[in-house]
Amino acid sequence: MADPIYRAPKGTHDVLWPESARRRALVGVFADIVEAAGYSEVVPPMFEHVEVFRRLGDATDVVRKEMYEFEDRGGRHIALRPEQTASIVRSFGEHRPNLPWKAWYAGPNFRYERAQKGRFRQFDQVGIEALGPEDPHLDAEVIATAWRFYECLGLQQVTLLVNSLGGPDDRARYVTALHDHFSTDIDSLSEDSRVTLATNPLRVLDSSRPEDADLIASAPSMLDHLSAEAGDHFDQVKAALTGLEIPFTIEPRLVRGLDYYVRTTFEFTSEAFDAAQNAIGGGGRYDGLAEAMGAPPTPGVGFALGVDRTLMACDAEGAFAAPDAPVDVFVVDTTGGEAALLITDELRRAGIRADRSWDDRSMKAQMRAADRSGAAQAVIVGDDELQSNTAAVRDLRGDGGQETVARTSITETLLARLK
Ligand code: HAM
């Protein structure tokens, strides 16, 4: 086994083929869907001044315990991004694009979490953020966009949970009510939840510790603390989702791990795998975030979907399979290699994925390499073919047989065979 120094750090992993191809394909499907809805790609830096992420909430685990922070050689206090909403909003404030601004993004995030199945220290997300409108139909569009993406991947066991945290005042009143509720019997709470109660009472609702279950079950509901305006906004979001025939469950205890949320919040869970890390995506409104970052007050709503967990859900449901071979054609050349050099170049220029073997190996070894490559077709050039300016084209998978074709018709023959 390799020295631990030469292994990927805890909570990270290499993504090898075919998983790497599947990831790229997933991002491709996502890009097609969101670009069809008017979102354009933004590529923010992977690190920012730490203050950008402090806006996620000083009481959140993400900020308190999980940030990769460091001082760079110029003395700047920098953090690797734990998520991208803050970066997108920072970018909005910096560039002041026209509103509405609809942005999408894809890429890695970093959180120093306890690494376990489905929970990594470096993980990929795809997401969208829409800044400007307060329109509840935009919340519905954002949620529907994620839903259509899951549908396109072929996922059928996704549950959508929605909640409203109300406006900032509603949220503050609810936090007080929750604090009062949990304080009535504080001794029955787990030690961790007692600490959480002091800093962030909403997060106590997230505890899965058995000691906390009774008090959580009897906790007041956020939905009883919504102002008329926030209640009406939420009603319109729900009506729009119903109109779009997107099934949802109202989850009044849905609190998300970041502090910027107001009004609509939502989460997607996969029923296809283990409950512990089954949140495959989530998002909501963050109407105060732009202002908190010194930009003009601008409402916003968006989501991020965990790529790693979404692919785990695909595995569990047998959806969105990885490609079965990196190449379509393997060129076998026992005449010295020049034929393979020229034929692979010709095929690649015609858009056919092609590979070959190296170091002038025997016919048997090259045929073995062809099989191992997973290619569907082989092009074989031996002495006879070289003499007659032909090549044999052989079906490696089905029973399409073998035919001898002129050197000039190899590409045409393969394009027809690969259709
Ligand atoms: P989040 O809930 O922290 O929200 O992350 C969104 C998704 O990223 C999660 O549902 C999960 O699938 C994935 N994820 C988060 N942490 C990890 C991890 N350690 N390992 C693997 N996957 C993980 C946000 O990040 C917000 N920025 C979402 C948002 C966008 N809200 C508004 N706009």
Would you say the side chains of Tyr150 and Gln156 form a donor-acceptor pair under 3.5 Å?
no

For the backbone of His49 and the side chain of Arg76, can you confirm whether one donor and one acceptor N or O come within less than 3.5 Å of each other?
no

Do Asp355 and Thr344 pass the side chain to side chain contact (heavy atoms under 4.5 Å, CB included) test, and can you show the C-alpha distance, the side-chain angles, and the key distance before you say yes or no?
CA-CA 6 Å; Asp355 205 358; Thr344 48; 5.9 Å; no

Has Arg55 got a side-chain atom pairing as donor or acceptor with Tyr260's backbone, closer than 3.5 angstrom?
no

With distance as the sole criterion, is a donor-acceptor pair present between the side chains of Gln125 and Glu83 under 3.5 Å?
no

Could you check whether any side-chain N or O of Arg194 sits under 3.5 Å from a backbone N or O of Leu189, counting only pairs where one atom can act as donor and the other as acceptor?
yes

Would you confirm whether Thr298, through its side chain, and Pro296, through its main-chain N or O, come within 3.5 Å as a donor-acceptor pair?
yes

Passes salt bridge (Lys or Arg N to Asp or Glu O under 4.0 Å), Arg368 versus Asp371? Steps please.
CA-CA 5 Å; Arg368 224 181 301 124; Asp371 276 336; over 6 Å; no

Just by distance, no angles: are the side chains of Thr85 and Tyr286 close enough, under 3.5 Å, to form a donor-acceptor pair?
no

Pairing donors with acceptors under 3.5 angstrom, does anything connect the side chains of Arg417 and Gln377?
yes

Do Pro136 and Arg263 make a side-chain contact, defined as non-hydrogen atoms from C-beta onward lying under 4.5 Å apart?
no

Determine whether the side chains of Thr411 and Glu346 contain a donor N or O and an acceptor N or O closer than 3.5 Å.
yes

Which atoms form the tightest heavy-atom contact between Met312 and Gly118, and what is the distance?
SD-CA, 3.8 Å

Test item: Gln402 and Asp395 side chains (from C-beta on) under 4.5 Å apart, heavy atoms
no

Does the side chain of Glu267 come under 3.5 Å of the side chain of Thr269 through a donor N or O and an acceptor N or O?
no

Tell me whether Glu151 at atom CD has more than 12 heavy atoms from other residues, nucleotides or ligands lying less than 6.0 Å away.
yes

Given 3.5 Å as the limit, does a donor-acceptor pair link the side chain of Asp212 with the main chain of Ser190, or not?
yes

Looking at Trp358, is Arg356 sitting on its ring face, NZ or CZ under 6.0 Å from the six-membered ring centre and within 45 degrees of the normal?
yes

Asn163 side-chain N/O to Thr265 backbone N/O, donor-acceptor pair under 3.5 Å:
no

So, does Gln366 use its side chain to make a donor-acceptor pair with the main chain of Arg361 at under 3.5 Å?
yes

The single option from Thr264, Leu241, Ile246, Asp139 passing side-chain contact (heavy atoms from CB on, under 4.5 Å) against Val162
Leu241

Are side-chain N/O atoms of Glu251 and Thr249 paired as donor and acceptor at under 3.5 Å?
no

Salt bridge (Lys or Arg N to Asp or Glu O under 4.0 Å) for Arg285 and Glu134? Distances and angles first, verdict last.
CA-CA 9 Å; Arg285 275 211 165 264; Glu134 289 189 79; over 6 Å; no

I'd like to know if the side chain of Glu385 and the backbone of Gly382 have a donor-acceptor N/O pair within less than 3.5 Å.
yes

Please check this pair: side chain of Asp333 against backbone of Gly337, looking for a donor-acceptor N/O pair closer than 3.5 Å.
yes

Closest heavy-atom pair and its distance - Ala219, Phe182
CB-CZ, 4.3 Å

Answer yes when Glu48 and Arg90 have at least one side-chain N-carboxylate O distance shorter than 4.0 Å, and no when they do not.
yes

Could you check if a side-chain atom of Leu311 sits within less than 4.5 angstrom of a side-chain atom of Phe320, using non-hydrogen atoms only?
yes

Taking atom types as modelled, is there a side-chain donor on Thr12 or Gln122 under 3.5 Å from an acceptor on the other?
no

Can you confirm if the aromatic rings of Phe149 and Phe30 lie within a centre distance of less than 6.0 Å?
yes

When Asp259 is tested against each of Arg64, Arg171, Arg203, Arg54 for salt bridge (charged side-chain N to carboxylate O under 4.0 Å, His left out), which residue passes?
Arg171

Quick one about Ser270 and Asn278 (side-chain donor to acceptor, distance below 3.5 Å, no hydrogens or angles considered), yes or no?
no

Residues His137 and Gln236: side-chain donor-acceptor under 3.5 angstrom
no

Arg309 side-chain N/O to Gly306 backbone N/O, donor-acceptor pair under 3.5 Å
no

Geometric class of the Trp147/Phe268 ring pair [parallel <30°, tilted 30-60°, perpendicular >60°]:
tilted

